[in-house]
Structures are given as structure tokens and as C-alpha cells.
Amino acid sequence: MAGRRVSPEASRLDAFFFSRLASTTMCPCGQRSRRSGKGACGEVNTAGALTGIRQRNPRYTEAAYLFLLSALRRRLSSLALPRHIGGAEVADAVRELALERFGPLARTVLEHWGVHDTTDIGEIVFALVECGVLIKQPDDSREDFEGLFTFDEAFEDSYPWSA
């Protein structure tokens with residue numbers, strides 16, 4: 001939406017997520033280190049976390065990771081007080097933002113990025129957790145994202161088509 005105002009809270013959340021991406025580096029051994037730039041092997045690699053994530057899990061495009069962070073930021077900014085967001089709520093936030101931004105092409109866009117179901121959303125979340133961009137609660141798991149909805153249900157059956 002052109003001309004849409006971004007709240008100060010949303011801007012702070014964007015800055016937080018993207019500064020974490022920029023300040024996390026991956027070393028050749030696959031370990032990460034914040035700010036120091038040194039991994040477990042002691043080698044320095046200035047590549048950002050997103051590059052490391054994509055190398056370790058190339059199934060999803062960079063756009064998929066950034067879109068999930070945008071959906072999460074949007075959901076968090078809609079809350080009166082910040083709190084933990086569970087798997088079902090993250091998947092729902094991705095679905096809502098995809099429908100808003102891409103309309104009837106939402107499913108096509110997500111699938112182009114490698115996201116075919118809610119399990120893929122969970123894989124992206126946990127890739128971001130593993131690189132330190134997101135944090136999880138002890139009871140969070142990949143299984144929280146399994147079978148929440150099908151893309152047929154989310155983007156075809158319930159799309160508010162107008163004639």
C-alpha cells in the first residue's frame with residue numbers, strides 16, 4: 001500500500017530483526033558468533049546470517065526469510081504488549097500478509113520462494129532461530145508448524161473472491 005505509515009514500534013522491530021541479521025556472522029565451520037565475527041574454528045567470515053542460512057538450507061529464497069520476518073513484525077506490532085508468538089500464530093501471520101500483499105497470487109508467490117506448506121514456515125523459523133535472529137521457548141518445536149492448514153484451504157477455498 002503506497003503511502004502507508006509505519007508505526008514507530010514497527011520501525012523499531014524492523015531495525016531489531018535486521019540488525020540481528022547483519023550482526024550475526026557464519027564461519028566456514030557453520031557456527032555463528034555475534035559481533036566478534038569469529039566462529040568455533042576461529043576463522044572470520046563477514047557474510048551476513050542470511051547468506052549462511054541460504055547456504056545451509058537453499059530450499060527457500062532470501063525473500064521467504066525476509067517475508068516471514070515482515071509477517072512476524074506485523075503480528076508483534078499489532079499486540080498491545082510484546083509476547084511470545086507460537087507456531088500457529090506465525091503461520092497465520094504469514095498467510096494474512098501474503099493474502100494482503102499478493103491477493104490471488106499469494107500461493108504462487110510463496111511456492112516460488114519454496115514455501116509449500118506450514119511445515120516450510122516452521123523450517124524457516126527454526127533456521128532463523130539456529131542463526132540467532134529469532135529465539136524460541138523450550139517447548140517450541142518444528143512439529144508446532146505441521147498440518148496447521150493446507151495451502152488449498154488458506155489461499156484457494158477461503159480467499160475472499162469477488163465477482
Side-chain angles (χ1 to χ4, degrees), residues 10 12-77 82-102 105-156:
R12 282 193 296 273
L13 285 168
D14 279 344
F16 171 75
F17 285 134
F18 296 111
S19 71
R20 288 187 66 122
L21 271 175
S23 69
T24 303
T25 59
M26 303 296 281
C27 79
C29 68
Q31 298 296 313
R32 74 179 187 295
S33 174
R34 295 187 117 321
R35 292 177 186 78
S36 73
K38 292 187 178 180
C41 67
E43 292 189 37
V44 176
N45 184 347
T46 58
L50 203 50
T51 302
I53 292 169
R54 291 267 302 124
Q55 288 174 349
R56 291 171 66 186
N57 194 352
R59 289 186 301 177
Y60 312 108
T61 66
E62 183 176 308
Y65 292 97
L66 296 174
F67 186 80
L68 184 132
L69 289 172
S70 294
L72 185 58
R73 182 212 36 94
R74 181 175 183 231
R75 179 58 53 100
L76 287 170
S77 68
R83 62 173 171 76
H84 175 69
I85 306 294
E89 200 168 357
V90 172
D92 189 54
V94 168
R95 181 190 61 79
E96 287 176 3
L97 187 59
L99 285 169
E100 180 182 306
R101 287 202 184 158
F102 308 118
L105 293 176
R107 179 180 187 168
T108 303
V109 171
L110 290 174
E111 288 178 347
H112 178 72
W113 292 341
V115 181
H116 300 277
D117 55 33
T118 57
T119 303
D120 288 326
I121 294 169
E123 289 298 318
I124 292 170
V125 166
F126 276 86
L128 292 167
V129 167
E130 289 166 5
C131 78
V133 174
L134 299 178
I135 55 175
K136 71 177 198 81
Q137 299 294 312
D139 59 338
D140 288 337
S141 71
R142 283 175 165 81
E143 289 77 30
D144 295 342
F145 293 89
E146 291 179 3
L148 296 174
F149 53 79
T150 67
F151 275 26
D152 282 339
E153 294 168 342
F155 301 115
E156 306 294 332

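Keep in mind that the numbers below use all heavy atoms, side chains included, and drop hydrogens, waters and symmetry copies. Numbers for residues simply follow the sequence, beginning at 1.
Counting heavy atoms from C-beta outward, Leu69 and Leu134 have side chains that approach closer than 4.5 Å. Annotation: side chain of Trp113 is not in contact with side chain of Leu68 (no heavy-atom distance under 4.5 Å). With a 4.5 Å cut-off on side-chain heavy atoms, Thr108 and Phe102 do not count as touching. Between Arg75 and Asp92 there is a side-chain heavy-atom pair separated by less than 4.5 Å.
In this structure, His112 places its NE2 atom where only 12 or fewer heavy-atom neighbours from other residues, nucleotides or ligands lie under 6.0 Å away.
Nearest heavy atoms, Arg74 versus Ser77: O-OG, 2.9 Å. Among all heavy-atom pairs drawn from Ala98 and Ala106, the shortest one is O-CB, 3.4 Å. In terms of heavy-atom proximity, Gln55 sits nearest to Pro58 at O-CD, 3.9 Å. Minimum interatomic distance between Ile53 and Ala127 (heavy atoms only, all atoms of both residues): CG2-CB, 3.9 Å. Between Asn57 and Tyr65, the shortest heavy-atom contact is O-OH, 3.4 Å. Here the closest non-hydrogen pair linking Gly147 and Thr118 is N-OG1, 3.5 Å.
How far CG of Leu110 is from CZ of Arg95: 11.5 Å, rounded to the nearest 0.5 Å. To the nearest 0.5 Å, the span separating OH on Tyr60 from CZ on Phe67 amounts to 15.5 Å. Atom CG of residue Leu72 and atom CD1 of residue Ile121 lie 12.0 Å apart, to the nearest 0.5 angstrom. We find the CZ-OG1 distance between Phe155 and Thr150 to be 9.5 Å, quoted to the nearest 0.5 Å. Taken from CG in Leu148 to CD in Glu153, the straight-line distance is 10.0 Å, to the nearest 0.5 Å. Separating the CG atom in Asp139 from the NE2 atom in His84 is a distance of 6.5 Å, to the nearest 0.5 Å.
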For this session: In sequence, state the C-alpha distance, the side-chain angles, and the governing distance for Val109 and Arg101, and then conclude on side chain to side chain contact (heavy atoms under 4.5 Å, CB included).
Result: CA-CA 10 Å; Val109 171; Arg101 287 202 184 158; over 6 Å; no

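The salt bridge (Lys or Arg N to Asp or Glu O under 4.0 Å) test applied to Arg59 returns Glu123, not counting sequence neighbours.
Counting only residues at least two apart or in different chains, salt bridge (Lys or Arg N to Asp or Glu O under 4.0 Å) contacts with residues 108-122 comprise Arg107-Glu111.
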